[in-house]
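Take a look at the structure below.
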Amino acid sequence: MLRSRLMILNQNESECRQMAEYFEESGYSVVCCIDEEETIDMLSRGKHGPDLLIFDIDSSGRKGYETIERIRSFSDIAIMIISKDSRLDTQLYAYSKKIDDYVVKIIPMPLLEAHVEALLRRTVEKKVSIETVGALTIDYESRKIYLANEVLRVTAKEFDLMEYFIRHRGMVLSRDKILDSVWGYDYIGGYRSVDTLVKKLRAKLTRDYPYIQTVYGVGYCFDV
């Protein structure tokens, strides 16, 4: 699966660029928009083909919901709203416009990224049940991995790590990011857990398939 594509709509250009830079550093492809009409035009023409629209609705006010209605008239793209308005009535109104997530500011960027990843899992990644990458085939529903058409016997955690690598192939992933995404934010172990599991996966892949590469001083990158 190719890296996920995000579109950020925020009329505050500085805020839009800052958020775009953060997600680009995390490996996402990002389009930054500061004009609602331009956003609607790009989406209606299929330009850039984003998987998720992150809409800072504070920059548009009530008109922002009209924009969402117009987008929903021709697109089922996942939409996440970011707003300072934490009132229940406002959030319920937003969901009535067929959005997919509502995030109240100010939210730390790592937590916002967790929301993005969770939303993409529900709306994008679930569409792909079986994926072939190089000599590997992964069946996400049955949680089985095949190497050169032979079943690769892996533990549950090894499957989770391989799934994470494959879904983010080509990206340089830090050990911190791998720990948070595969083990969870509350995991109290350290980098050794990542390194140990990577070593086990590499042994099962054998030297014939050196897909997991070490990026010294950072972490790992999976590529074929």
Side-chain angles (χ1 to χ4, degrees), residues 1-10 15-16 18-33 36 39-40 42-44 46-60 64-65 67-86 88 90-129 131 138 140-141 160-161 163-171 173-174 176-186:
M1 186 174 182
L2 297 176
R3 63 178 181 165
S4 296
R5 295 156 296 188
L6 308 179
M7 179 176 283
I8 300 172
L9 173 56
N10 187 337
E15 291 181 2
C16 194
Q18 288 176 5
M19 186 178 294
E21 289 174 3
Y22 175 88
F23 280 107
E24 285 171 345
E25 289 177 0
S26 292
Y28 291 88
S29 173
V30 184
V31 175
C32 190
C33 298
E36 293 179 24
T39 301
I40 291 171
M42 285 193 291
L43 290 175
S44 66
K47 192 173 181 179
H48 301 297
D51 300 306
L52 170 63
L53 171 64
I54 302 175
F55 186 3
D56 189 319
I57 207 160
D58 291 341
S59 65
S60 303
Y65 291 106
T67 298
I68 292 172
E69 288 181 337
R70 291 172 64 187
I71 292 172
R72 276 290 174 255
S73 70
F74 62 82
S75 174
D76 63 353
I77 184 175
I79 299 176
M80 173 189 290
I81 281 181
I82 301 178
S83 174
K84 292 179 180 178
D85 193 340
S86 62
L88 176 61
T90 302
Q91 295 187 52
L92 290 175
Y93 179 78
Y95 279 106
S96 75
K97 300 302 179 183
K98 300 179 182 180
I99 66 164
D100 298 276
D101 198 6
Y102 188 108
V103 177
V104 178
K105 297 189 293 188
I106 298 174
I107 181 172
M109 289 304 297
L111 182 55
L112 178 61
E113 185 177 1
H115 275 262
V116 168
E117 289 184 349
L119 186 51
L120 290 171
R121 281 196 300 270
R122 296 200 304 270
T123 60
V124 178
E125 294 178 0
K126 71 177 182 180
K127 296 179 182 178
V128 180
S129 59
E131 190 169 6
I138 182 168
Y140 296 115
E141 291 186 0
D160 292 342
L161 180 57
E163 176 183 5
Y164 185 72
F165 275 140
I166 289 175
R167 290 198 186 280
H168 296 81
R169 66 178 180 268
M171 300 183 190
L173 303 167
S174 69
D176 279 327
K177 187 169 181 60
I178 295 171
L179 273 174
D180 290 343
S181 299
V182 178
W183 277 263
Y185 287 94
D186 57 349

Exercise for review: Quick one: pull up OG in Ser181 and CG in Leu161 and give me the separation to the nearest 0.5 Å.
Suggested key: 10.5 Å

Exercise for review: In a single word, yes or no, tell whether Cys16 and Cys32 have an SG-SG distance below 2.5 angstrom.
Suggested key: yes

Practice item. For Lys98, enumerate each residue passing the side-chain contact (heavy atoms from CB on, under 4.5 Å) test, keeping only those at least two apart in sequence or located in another chain. Key: Arg72

Review point. Among all residues two or more places apart in sequence or in another chain, which pass the ring pair (Phe, Tyr, Trp, His ring centres under 6.0 Å) test with Tyr95?
Key: none

Check your understanding: Below 4.5 Å, heavy atoms only, C-beta onward: do Leu6 and Val116 meet side chain to side chain?
Key -> yes

Revision key, fill the gap. Shortest non-hydrogen pair, Lys84 vs Val104, comes out as O-CG1, 4.2 Å

Point to revise | Set of residues satisfying side chain to side chain donor-acceptor pair (under 3.5 Å) with respect to Ser83, sequence neighbours excluded | key: Asp58, Tyr102

Study note, to complete from the structure: Rounded to the nearest 0.5 Å, the OG1 atom of Thr39 sits from the CE atom of Met42 at a distance of 5.0 Å

Exercise for review: Answer whether the closest heavy-atom distance between the side chains of Ile77 and Met7 falls below 4.5 Å.
Suggested key: no

Review point. Between CD1 of Ile8 and CD of Gln18, what distance do you get to the nearest 0.5 Å?
Key: 11.0 Å

**Study point:** Pairwise side-chain contact, Phe165 with Val182, heavy-atom cut-off 4.5 Å (strictly under)
**Key:** no

Check your understanding: Which residues pass the salt bridge (Lys or Arg N to Asp or Glu O under 4.0 Å) test with Asp85, sequence neighbours left out?
Key -> Arg87

**Study point:** Atom pair CG/NE2 of Leu120 and His115 - distance to nearest 0.5 Å
**Key:** 13.0 Å

Review point. By salt bridge (Lys or Arg N to Asp or Glu O under 4.0 Å), which residues pair with Lys97, not counting sequence neighbours?
Key: Glu69

**Study point:** Heavy-atom side-chain proximity of Ile99 to Phe55 below 4.5 angstrom
**Key:** no

Review point. Got a sec, which residues hit side-chain contact (heavy atoms from CB on, under 4.5 Å) with Asp180, two or more places apart in sequence or on another chain?
Key: Tyr185

Check your understanding: To the nearest 0.5 Å, how far apart are CD1 in Ile57 and CG in Asn10?
Key -> 11.5 Å

Review point. Is Leu92 atom CG crowded by more than 12 heavy atoms from other residues, nucleotides or ligands, each under 6.0 Å away?
Key: yes

Point to revise | Heavy-atom check, side chain of Leu112 versus side chain of Ile82, under 4.5 Å | key: yes

Exercise for review: Identify, with sequence neighbours excluded, every residue that meets salt bridge (Lys or Arg N to Asp or Glu O under 4.0 Å) alongside Asp56.
Suggested key: Lys105

Revision key, fill the gap. Nearest heavy-atom contact between Ala20 and Val30 is CB-CG1, 3.7 Å

Exercise for review: Report the residues that fulfil side-chain contact (heavy atoms from CB on, under 4.5 Å) with Glu113, sequence neighbours left out, ordered by chain and then residue number.
Suggested key: Tyr22, Phe23, Ser26, Tyr28, Glu117, Lys177

Revision key, fill the gap. The reported gap from CG in Leu9 to CD1 in Ile81 (rounded to nearest 0.5 angstrom) is 10.5 Å

Check your understanding: Which residues pass the side chain to side chain donor-acceptor pair (under 3.5 Å) test with Tyr93, sequence neighbours left out?
Key -> none

Study note, to complete from the structure: Taken in chain and number order and not counting sequence neighbours, the residues that satisfy side-chain contact (heavy atoms from CB on, under 4.5 Å) with Ala78 are Leu52, Asp100, Leu119, Thr123

